[in-house]
Amino acid sequence: MRRRSTFAQFADESGVLLIVAILVAGLAAVRLPAAHPGRSTGEYLLAALITVTVFGLCAAAHELAHVASSASAASSASAASSASAAASSASASAVPSAAVPPSSVPPSSVSAGTPSASAELMAAAAGPLASLALGGLCGVVTAALILAGAGGLVVSVVAYVGLANLVLAAGTLLPGASSDGGRLLRAWIWRSTGDPRRATRGAARAGRAVGFVLLLGGVVTLVAGAAVVGIWLALTGWFVAAQL
């Protein structure tokens, strides 16, 4: 599985972001008036706008966590490669060049840009962990606002943002082809077997299976009468399976 740019990863996960944004907007437009009646339409619209905007910032933080983790891993790999090259150069200068066989010189310049399974694992996990942390933070803030006697509308907005972050983390952990979950599974198999090609095949098979199970579960749930949950599961399954 080829390493992709941050923009490409964001585009691949846009389906999850769109679904979560629709969920948040629906909660804000329907649940807020039901839970806090008597407010003006402008207040509900403002609360919905704030909820979606803050969630968008949280989604950006999710992607920035990937970038920071990848940059940190690349910096560490570059430093290790430089140290190895310096040690090799020092060793070569201490021994006559004719006595040093070419095979004894490590190919640091070739391996410097090659990502490791551990680096891939850390980079893929960074985004979901950031979303989980933001969801937990929103939970703490929600509890603090309730204890402080804050207005119910404000508490609901914070709670919905926290819920959206948890759904985002769960959605991107599904093992799609280039989603966080797919990259995590591939990196784990790669680190366990030492074979990146086998890891790619295993992650693709797992993602396809999960996608079809969710799609089937959504159809069954829809037939059973739970339309919203059924459509949600079916769309999620289709999104995961369509990437493979």
Side-chain angles (χ1 to χ4, degrees), residues 1-24 51-81 111-139 161-193 196-197 199-204 206-208 210-211 214 235-237 239-244:
M1 188 181 294
R2 184 171 59 88
R3 190 69 174 273
R4 308 188 71 187
S5 67
T6 301
F7 178 80
Q9 293 169 18
F10 183 85
D12 284 334
E13 293 175 359
S14 61
V16 174
L17 298 176
L18 177 61
I19 292 172
V20 176
I22 292 173
L23 176 64
V24 171
T51 301
V52 175
T53 301
V54 174
F55 168 67
L57 295 175
C58 292
H62 176 110
E63 293 301 320
L64 287 175
H66 287 306
V67 175
S69 180
S70 298
S72 177
S75 177
S76 299
S78 178
S81 176
S111 60
T114 304
S116 67
S118 297
E120 181 74 12
L121 190 67
M122 293 176 61
L129 286 176
S131 293
L132 287 173
L134 288 170
L137 177 62
C138 287
V161 171
L163 175 64
N165 275 284
L166 297 178
V167 173
L168 176 61
T172 55
L173 281 174
L174 293 173
S178 57
S179 67
D180 298 337
R183 294 172 61 203
L184 277 169
L185 180 59
R186 177 182 180 272
W188 180 78
I189 298 174
W190 179 9
R191 193 170 68 172
S192 300
T193 64
R197 293 184 179 179
T200 299
R201 292 193 300 267
R208 190 175 294 110
V210 170
L214 288 174
L235 286 175
T236 304
F239 169 72
V240 172
Q243 296 186 77
L244 303 170

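These numbers come from the heavy atoms of this one structure, side chains and all, not from hydrogens, waters or symmetry mates.
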Residues in side-chain contact (heavy atoms from CB on, under 4.5 Å) with [X], at least two apart?
X      : value
Leu214 : Leu174, Val210, Leu233, Thr236
Cys58  : Val54, Leu134, Val161, Asn165
Thr53  : Leu49
Leu184 : Leu121, Ala124, Ala125, Leu173

Query raised in the report: Do any N or O atoms from the side chain of Ser72 and from the backbone of Ala68 form a donor-acceptor pair under 3.5 angstrom?
Result: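 No; judged by distance alone, with no hydrogens or angles, the pair does not exist.
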Closest non-hydrogen atom pair between [X] and [Y], with its separation:
X      : Y      : answer
Ala65  : Ala126 : O-CB, 3.4 Å
Gly162 : Cys138 : CA-CB, 3.4 Å
Ser70  : Ala123 : OG-CB, 3.5 Å
Leu185 : Ala203 : CD2-CA, 3.8 Å

Query raised in the report: Rounded to the nearest 0.5 Å, how far apart are CG of Leu168 and CG of Leu163?
Result: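 So the gap between those two atoms works out to 11.0 Å.
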Query raised in the report: Does the side chain of His66 come within less than 4.5 Å of Asp180's, by heavy atoms?
Result: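 Result yes, sub-4.5 Å side-chain heavy-atom pair found.
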Query raised in the report: Do the side chains of Pro128 and His62 get nearer than 4.5 Å, heavy atoms only?
Result: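 When only atoms from C-beta onward are counted, Pro128 and His62 do touch, with a gap below 4.5 Å.
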